[in-house]
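The structure appears right after this line, and notes come after that.
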Amino acid sequence: MELKFILNGKKIVTEIEADSLLIDVVRDLGCLSVKRGCESSNCGLCTVFVNEKPVLSCSVLAARVEGQNVTTLEGLQEEAADFGAFIADQGAEQCGFCNPGFIMNAIAMFRENPHPDDEEILAYLSGNLCRCSGYEGQLRGIKAYLEFKDSQKGEA
């Protein structure tokens, strides 16, 4: 079947099987930041935005995004690099496998709640599996990034 959607700002027309998962379609189209980690919709590694909302692409039939706007980390490079530097500064990127899904969910949080408290941050992190750390580095990185963004607003 033919699928038409927008991927990272580009119009896509591709042939898919009726049972194709969104994760497989975006990876086939070169978006390798979207990863398969758990096969059970629990790790967050496959997070993409569909119409600006985070979804687990391993749980979405590709046909469901017909006519929709899908964004992967490849489509958010500037925003992701800005934030990712704060995570790296805290040593929270140890193996890096979870980073794409983590960064996608953090960006969603920043957009939905620009001033989260620790509890709200941890709630957003809860859907992201990181086997290397106890999330303390990620929490410190998020807080440092938010402080930096607030200080930038004061200078503007």
Search all heavy atoms of [X] against all heavy atoms of [Y] and return the closest pair with its distance.
| X | Y | value |
| --- | --- | --- |
| Ile23 | Cys58 | CG2-CA, 3.9 Å |
| Glu74 | Gln77 | O-CG, 3.4 Å |
| Cys31 | Asn8 | SG-ND2, 3.6 Å |
| Met109 | Pro116 | SD-CG, 4.0 Å |
| Met1 | Ala63 | CE-CB, 3.9 Å |
| Phe49 | Arg111 | CE1-NH1, 3.4 Å |

First locate atom OH of Tyr145, then atom CG of Asp82, and finally report the distance between them rounded to the nearest 0.5 Å.
4.5 Å
Rounded distance [0.5 Å steps], OG in Ser151 versus NZ in Lys153
10.0 Å
Contact check, side chains of [X] and [Y], non-hydrogen atoms, under 4.5 Å:
| X | Y | answer |
| --- | --- | --- |
| His115 | Asp150 | yes |
| Ile6 | Gln68 | no |
| Tyr124 | Ile142 | no |
| Leu21 | Leu61 | yes |
| Ile12 | Leu3 | no |
| Lys4 | Glu66 | yes |
| Lys143 | Asp118 | yes |
| Thr47 | Leu56 | yes |

In terms of hydrophobic clustering (I, L, V, M, F, W, Y; side-chain heavy atoms under 4.5 Å; direct or indirect links), are Val60 and Leu45 co-clustered?
no
Looking at Asp24 and Arg36, is any side-chain nitrogen of the basic one under 4.0 Å from a carboxylate oxygen of the acidic one?
yes
Look at atom CD of Glu17 and say whether more than 12 heavy atoms of other residues, nucleotides or ligands are closer to it than 6.0 Å.
no
Test item: Ser57 side-chain N/O and Cys46 main-chain N/O as donor-acceptor pair under 3.5 Å:
yes
Quick check against the 3.5 Å criterion: does Asn51 have a side-chain atom that pairs as donor or acceptor with the backbone of Asn69?
yes
